[in-house]
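These figures come from a predicted structure and were not determined experimentally.
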Amino acid sequence: MPHILHIDASARPGISGTDHHGSHSRRLSHHFVSQWQSRLLQDTVTYRDIGQHPPSFINHDWIASAFTPVEQREPWMKDALAESDQLVDELIASDIVVIGTPLYNFGMPAALKAWVDQIIRAERTVGVDKTNPHDPYTPKLTDRERHAVVLTARGGVNMAPGEEMAHMNHLEPNLALALEFVGITRLHYIAIEGQEVGGEVLAKSVAEALQKVERLVGELQVALNATPIHEPA
């Protein structure tokens with residue numbers, strides 16, 4: 001049974017379409033998970049609202065602890081890495097990582113960057129070969145097929161790769177690099193655009209994105225050989 005790690009990074013706590021100032025990225029991520037579970041009741045979800053409860057920023061104690069061999073760590077080092085260990089465990093346990101995130105000032109929100117910094121860990125998610133200084137890194141999350149579904153909301157338009165304003169969007173490329181670095185290479189992207197424009201432009205983008213989410217749910221359930229279990233009539 002596939003296990004989903006659902007992450008929301010928006011600073012907006014509500015969901016658009018329900019709350020006046022709600023988040024469009026949350027709308028997409030919650031739609032994905034609800035559609036998935038409506039077809040596969042048995043599948044499990046771990047939810048992380050990092051937009052409202054951001055991970056800690058890495059600091060000196062974190063760095064000193066993470067780069068000390070496990071057998072040499074002092075008790076305070078284990079405490080310094082406790083949050084990171086939990087976030088890494090959640091990532092390793094997942095088959096699908098669903099990330100709902102807005103585009104803030106050309107890149108990812110600080111909360112999502114903090115999560116990325118917590119889960120990229122030497123010898124936990126990335127192997128390091130010090131004898132090969134030119135190419136020392138090996139992704140460690142390659143034991144099974146994992147997917148990442150990146151669901152974004154952008155204020156502007158035409159910001160997808162290859163489009164007119166793509167040079168102002170460093171969210172998906174940055175996040176893709178981080179995920180691929182640890183071994184998650186099956187990436188899927190759906191975006192809502194035009195929040196600052198509003199009106200028909202935004203409404204059309206929202207409707208199309210929700211339809212794409214539903215199609216992607218079906219495609220991934222087939223790809224992962226998931227068999228729906230329906231509630232009795």
Undergrad: Which side chain to side chain donor-acceptor pair (under 3.5 Å) pairs, counting each pair once, include a residue from residues 150-165, with sequence neighbours left out?
TA: Thr152-Glu172, Arg154-Glu172, Arg154-Glu193
Undergrad: List for me each residue that meets side-chain hydrogen bond (donor to acceptor under 3.5 Å, both in side chains) alongside Asn132, sequence neighbours excluded, and say none if there are none.
TA: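 Not a single residue meets the side-chain hydrogen bond (donor to acceptor under 3.5 Å, both in side chains) criterion with Asn132.
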Undergrad: Quick one: ring-ring contact (aromatic ring centres under 6.0 Å, His included) partners of His188, sequence neighbours excluded?
TA: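 Partners of His188 under the ring-ring contact (aromatic ring centres under 6.0 Å, His included) test: His147.
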Undergrad: Can you run down the salt bridge (Lys or Arg N to Asp or Glu O under 4.0 Å) pairs that involve residues 207-219, sequence neighbours left out, and say none if there aren't any?
TA: Lys204-Glu208
Undergrad: Could you give all pairs that pass the side chain to side chain donor-acceptor pair (under 3.5 Å) test and reach residues 91-110, with sequence neighbours left out?
TA: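 Pairs touching residues 91-110 that pass the test: Asp95-Arg144.
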Undergrad: Considering residues at least two apart in sequence or located in another chain, which fulfil the side-chain hydrogen bond (donor to acceptor under 3.5 Å, both in side chains) criterion with Thr131?
TA: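 Thr131 satisfies side-chain hydrogen bond (donor to acceptor under 3.5 Å, both in side chains) with Asp129 once adjacent residues are dropped.
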Undergrad: What pairs of residues pass the salt bridge (Lys or Arg N to Asp or Glu O under 4.0 Å) test when at least one of them lies in residues 62-76, not counting sequence neighbours?
TA: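 Of all non-adjacent pairs touching residues 62-76, none passes salt bridge (Lys or Arg N to Asp or Glu O under 4.0 Å).
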Undergrad: Restricting to pairs with a member in residues 5-33, which pass salt bridge (Lys or Arg N to Asp or Glu O under 4.0 Å), not counting sequence neighbours?
TA: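 Checked against salt bridge (Lys or Arg N to Asp or Glu O under 4.0 Å) - neighbours excluded - the pairs reaching residues 5-33 are Asp8-Arg26, Arg26-Asp49.
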Undergrad: Holding to ring-ring contact (aromatic ring centres under 6.0 Å, His included), I want the full list of residues that pass it with Phe181, two or more places apart in sequence or in another chain.
TA: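 With sequence neighbours excluded, Phe181 shows a ring-ring contact (aromatic ring centres under 6.0 Å, His included) to Tyr137, given in chain and number order.
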Undergrad: Please list, chain by chain and in numerical order, all residues satisfying salt bridge (charged side-chain N to carboxylate O under 4.0 Å, His left out) with Arg121, sequence neighbours excluded.
TA: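 Residues passing salt bridge (charged side-chain N to carboxylate O under 4.0 Å, His left out) with Arg121: Asp85.
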Undergrad: With sequence neighbours left out, write down each residue that passes ring-ring contact (aromatic ring centres under 6.0 Å, His included) with Tyr47, or none if nothing qualifies.
TA: His6, His30
Undergrad: Does His3 have any side-chain hydrogen bond (donor to acceptor under 3.5 Å, both in side chains) partners at least two apart in sequence or in another chain, and if so, which?
TA: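 Residues passing side-chain hydrogen bond (donor to acceptor under 3.5 Å, both in side chains) with His3: Thr44, Thr46.
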